[in-house]
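Step one of this worksheet: look at the structure below.
A quick note: this is a predicted structure, and the numbers were derived from the prediction, not measured. Values below: every heavy atom of this structure, side chains too, minus hydrogens, waters and symmetry copies. Naming: A, B, ... by sequence-line order, numbering from 1 per chain.
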Amino acid sequence: MSKFSEQVLGWFDLHGRHDLPWQKTITPYRVWVSEIMLQQTQVKTVIPYYERFMRSFPTVEALAQASQDAVLAHWAGLGYYARGRNLHKSAMKIMADFEGRFPESYDDVLALPGIGRSTAGAILSIALQQRHAILDGNVKRVLSRYLALEGWTGNKNNESFLWHKAEEFTPISRFADYTQAIMDLGATVCTRTKPCCETCPVRSGCLANQQDRVRDFPAKKPKKEKPIKQAYFLVLENMEGKLFLQQRSQIGIWGGLWSFPEYESHESCLNKMKKYESQSTSLHSLVEWNSFRHTFSHYHLDIFPVVVKGIDENHALQVFGNGEWACKVALNSQQATLGVPAPVTKLVRLIRECKNV
DNA sequence: AAGCCGGGGAT
DNA sequence: ATCCCAGGCTT
């Protein structure tokens with residue numbers, strides 16, 4: 001066993017994380033769900049989502065039999081909703097192709113939607129003690145410092161180089177512990193800002209530390225300007241205080257989630273409302289609320305709410321097409337049965353509190 | 001290779 | 001406001 005993995009494992013036994021929710025009882029299914037939720041998402045954020053998800057869907061079969069709406073309702077607020085859709089798809093595939101048993105061959109696991117090279121390695125090493133490397137954000141950071149790797153870790157050559165090193169550093173035993181150990185090291189010692197090099201088990205061999213250049217690695221990702229887009233949200237409220245929601249396309253942002261009818265311009269939004277009013281006899285008040293900004297990883301979205309109260313429920317369905325009149329729209333995500341994007345949750349809260357800010 | 005896909009924690 | 005987080009998929 002190499003000195004690196006020996007040092008990492010020795011540190012892990014004393015200082016690693018051994019009581020995370022998905023570590024309590026280790027099964028491929030439980031590890032799989034955790035790894036998907038943890039993609040691009042911090043542990044602290046995941047924990048409450050994981051607990052709730054596992055309570056509702058304790059087995060592959062339970063997940064496969066659930067509706068997509070139920071799954072996405074559990075994912076609402078977590079982001080990257082394709083993860084939830086793919087998890088659900090994979091569960092159905094596991095029922096159809098593997099009799100409900102999570103596959104144990106690397107190729108079969110890799111073929112499931114939403115599982116790439118790193119996630120497949122993590123699941124099979126942690127849950128089934130197979131020898132596979134991982135290369136997530138933690139490993140990239142640890143290795144780029146240990147090896148003083150110049151340049152962004154996301155570029156092709158560096159990625160290929162790091163995969164090679166990640167496999168080389170993986171020991172010949174204790175595969176589950178090593179996978180967990182290298183991630184724990186990155187998450188608690190070799191952190192992005194203010195790493196604790198004094199307590200690091202591999203500092204003696206760390207080139208960045210030797211050169212006193214820990215701060216230089218990993219190199220920052222080249223940044224690009226985020227475009228600004230606009231969206232008009234038509235907020236329809238009926239006499240009972242229910243709000244009108246429509247399910248979004250599976251393709252594009254917030255795929256499969258429920259949101260307010262959305263228009264790209266002020267004009268198209270008001271035209272739609274005029275079309276409704278021309279056929280309606282009831283009275284209602286239209287108020288254009290102040291806009292607010294929601295920022296994605298790749299663009300800013302300025303949201304302009306157009307709030308109309310006193311809408312006739314059945315009449316609206318005729319004009320606006322398919323939709324649902326929801327009562328408690330994800331104000332409490334514990335009770336929500338529809339998945340709603342974060343800014344919709346925010347806007348609903350503002351409406352309920354009558355805060356036009 | 002670059003773009004798409006979220007939301008929040010940390011700074 | 002910026003950067004990044006237990007990445008993968010599409011073009």
Mind calculating the distance between CD1 (A:Ile126) and C1' (C:dA6) to the nearest angstrom?
-> 8 Å
Carboxylate-amine/guanidinium contact A:Glu264 A:Lys272, below 4.0 Å | no
Would A:Glu198 and A:Arg203 pass as an ion pair if we require N to O under 4.0 Å?
-> no
Side-chain donor-acceptor contact under 3.5 Å, A:Glu313 with A:Asn238 | yes
Charged N to carboxylate O below 4.0 Å: is that the case for A:Lys242 and A:Glu240?
-> yes
Using a cut-off of less than 4.0 Å, is there contact between a side-chain N or O of A:Lys223 and OP1 or OP2 of C:dC3?
-> yes
Expected string for nucleotides 5-11 of chain B under the B/S/- scheme (protein heavy atoms, under 4.0 Å, primed atoms plus P, OP1, OP2 as sugar-phosphate) is BBB-BSS
Under 3.5 Å, is there a donor-acceptor pair between the A:Ser5 and A:Arg174 side chains?
-> no
Spacing of the P atoms in C:dG8 and B:dG8 (rounded, Å) | 22 Å
Side chain to side chain contact (heavy atoms under 4.5 Å, CB included) between A:Val43 and A:Leu20: does it pass, once the steps are laid out?
-> CA-CA 9 Å; A:Val43 168; A:Leu20 295 170; 4.0 Å; yes
Identify whether NZ of Lys or CZ of Arg in A:Arg248 sits under 6.0 Å from the centre of the six-membered ring of A:Trp258 and within 45° of that ring's axis.
-> no
Describe the nucleic acid contact of A:Gln180 in one word from base, sugar-phosphate, nothing, applying a heavy-atom distance below 4.0 Å.
-> base
When the aromatic ring centroids of A:His294 and A:Phe292 are compared, is their separation below 6.0 Å?
-> no
Please work out if A:Arg17 contacts a base, only the sugar-phosphate, or nothing of the nucleic acid, heavy-atom cut-off 4.0 Å.
-> base
Assign A:Val139 to base, sugar-phosphate, or nothing according to its heavy-atom contacts below 4.0 angstrom with the strands shown.
-> nothing
Just say parallel, tilted or perpendicular for the rings of A:Phe244 and A:Trp325, cut-offs at 30° and 60°.
-> tilted
Indicate, with a heavy-atom threshold strictly under 4.0 Å, whether A:Trp75 touches base, sugar-phosphate, or nothing.
-> nothing
Could you give the CG-to-P distance, from A:Leu135 to C:dC5, as a whole number of Å?
-> 12 Å
B:dG3 and C:dA6, which share atom name C1', separated by this distance in whole Å = 23 Å
Can you label the angle between the A:Tyr232 ring and the A:His266 ring as parallel, tilted or perpendicular, going by 30° and 60°?
-> perpendicular
Short N/O separations, protein against nucleotides 9-11 of chain C, under 3.5 angstrom:
{"from": "C:dC9", "atom 1": "OP1", "to": "A:Gly114", "atom 2": "N", "distance (Å)": "3.0"}

Under-4.0 Å side-chain N/O to phosphate OP1/OP2 contact, A:Arg141 with C:dA6 | yes
A:Lys140 has an atom NZ; how far is it from atom C1' of C:dC5, in whole Å?
-> 12 Å
Look at the side-chain N and O atoms of A:Arg293 and state whether any lies under 4.0 Å from the OP1 or OP2 oxygen of C:dA1.
-> no
Quick one, which residues of residues 182-189 of chain A touch DNA chain C with a heavy atom under 4.0 Å?
-> A:Met183
According to a strict under-4.0 Å criterion, is A:Thr179 in side-chain N/O contact with OP1 or OP2 of C:dA6?
-> no
Spacing of A:Ile134 atom CD1 relative to C:dG8 atom P, expressed in whole Å = 10 Å
Rounded distance in Å - NZ (A:Lys226) to C1' (B:dA2) | 16 Å
Are A:Val60 and A:Val31 connected, step by step, through hydrophobic side chains (Ile, Leu, Val, Met, Phe, Trp, Tyr) whose heavy atoms are closer than 4.5 Å?
-> yes
Report the distance from atom NE2 of A:His300 to atom C1' of C:dC3, rounded to the nearest whole Å.
-> 13 Å
In whole angstroms, how far is the P atom of C:dC4 from the NZ atom of A:Lys224?
-> 13 Å
For A:Asp177 and C:dA6, give me the distance from atom CG to atom P, rounded to whole Å.
-> 19 Å
Run the ring-centre check on A:Phe57 versus A:Phe53 and record whether the distance is less than 6.0 Å.
-> yes
Does one side chain, of A:Gln246 or A:Ser259, offer a donor that lies under 3.5 Å from an acceptor on the other?
-> no
